[in-house]
Amino acid sequence: DTGVSQDPRHKITKRGQNVTFRCDPISEHNRLYWYRQTLGQGPEFLTYFQNEAQLEKSRLLSDRFSAERPKGSFSTLEIQRTEQGDSAMYLCASSQGLAGNNEQFFGPGTRLTVL
Amino acid sequence: GQSLEQPSEVTAVEGAIVQINCTYQTSGFYGLSWYQQHDGGAPTFLSYNALDGLEETGRFSSFLSRSDSYGYLLLQELQMKDSASYFCAPQTGANNLFFGTGTRLTVIP
């Protein structure tokens, strides 16, 4: 399967714990995005990387959230001191970044439950 | 601020045609994307309109009017498998998609 993969698929944690999610984009894609989606809502943009550079970050992203893409390939999203409001599906997407084509390919997501 | 309006739910009969409208208000605009998401699945790309007019891809067509901040997705020859949520997503920055709450389409026999 050469699509976007995410790990883990499910994560249950206690409030106050730190969690880290991984995303492996499609190999030739230089752009990588993180979104959060809650039930009944559309994906909400969190942050964007072009290669290893984090170029855009939502104002909604609190200081407890950090994302990296150290070698321009896979990315990690860490949430520190989790809160119950962090419970959501965390989606990763990647794209080639071609002019006139912004098709983003989404991974299956990591479902986070904070108890 | 940014806002996006599309119907929350639509029901249509198998084999029929359905149009899902989308009006948006964004601080920046590069184009309008449409994504489909089945329950429990990931969003999948359907179409992207950067310019005014109609784009056709098989049974799906998408239309954009930049001057009216309006677009629509047209689904023809509806099939049961088309039951899903459909999101219009204005591209508000060079790399930023703004998703609304989507339209839940139910196709009935």
Side-chain angles (χ1 to χ4, degrees), chain A residues 1 3-6 9-10 23-26 29-51 53-61 67 69 75 88-111, chain B residues 1-9 20 22 24 26-53 55 57 60 62 64 66 71 73 84-105:
Chain A
D1 188 346
V4 178
S5 62
Q6 293 186 244
R9 296 290 305 277
H10 303 273
C23 170
D24 286 88
I26 293 172
H29 287 184
N30 59 10
R31 298 185 176 190
L32 186 146
Y33 313 80
W34 284 99
Y35 293 86
R36 176 172 61 193
Q37 186 174 26
T38 54
L39 196 63
Q41 302 295 313
E44 177 185 43
F45 171 79
L46 294 178
T47 190
Y48 155 74
F49 289 85
Q50 182 158 326
N51 299 313
Q54 187 174 20
L55 298 184
E56 202 165 338
K57 196 172 170 181
S58 168
R59 282 172 289 178
L60 300 172
L61 210 63
R69 194 182 183 197
S75 175
M89 177 73 85
Y90 289 83
L91 294 163
C92 175
S94 69
S95 72
Q96 285 185 298
L98 298 176
N101 181 350
N102 76 337
E103 178 178 358
Q104 295 185 18
F105 294 80
F106 282 81
T110 294
R111 182 169 295 283
Chain B
Q2 299 188 130
S3 66
L4 198 155
E5 200 169 311
Q6 55 179 124
S8 58
E9 294 183 352
I20 300 174
C22 170
Y24 56 87
T26 58
S27 52
F29 182 79
Y30 288 70
L32 187 68
S33 296
W34 287 90
Y35 282 78
Q36 177 192 62
Q37 187 175 31
H38 288 96
D39 286 347
T44 56
F45 174 83
L46 293 177
S47 69
Y48 176 66
N49 294 67
L51 303 174
D52 285 1
E55 294 278 345
T57 309
F60 295 178
S62 59
L64 174 65
R66 295 173 73 108
L73 179 70
S85 291
Y86 292 84
F87 296 93
C88 68
Q91 185 178 350
T92 60
N95 309 290
N96 199 340
L97 290 179
F98 172 54
F99 287 85
T101 55
T103 297
R104 188 173 185 87
L105 172 65

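Computed from a prediction, not measured in an experiment: that's the story for all the values here. Order of the sequence lines sets the chain letters (A, B, ...), proteins ahead of strands, with each chain counted from 1.
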#### Entry: Contact origin within Tyr35(B) toward chain A - heavy atom pairs under 4.5 Å
side chain
### Query
When you look at CD of Glu5(B), are more than 12 heavy atoms from neighbouring residues, nucleotides or ligands closer to it than 6.0 Å?
no
### Message
Using 0.5 Å steps for rounding, measure from the CD atom of Gln104(A) to the CZ atom of Phe45(B).
### Response
9.5 Å
### Query
Tell me, side chain or backbone of Gln37(A) under 4.5 Å from chain B's heavy atoms, or both, or neither?
side chain
### Query
Closest heavy-atom contact between Phe87(B) and Gly42(A)?
CE2-CA, 3.3 Å
### Task
Might you point out which heavy atoms bring Leu97(B) and Tyr35(A) nearest each other, and give the distance in Å?
CB-OH, 3.7 Å
#### Entry: For His29(A), all residues meeting ring pair (Phe, Tyr, Trp, His ring centres under 6.0 Å), sequence neighbours excluded
Phe105(A)
### Query
So which of Gly31(B), Pro43(B), Ser33(B) has the largest heavy-atom pair count under 4.5 angstrom toward chain A?
Pro43(B)
## Note on the structure
Taken in chain and number order and not counting sequence neighbours, the residues that satisfy side-chain hydrogen bond (donor to acceptor under 3.5 Å, both in side chains) with Trp34(B) are none
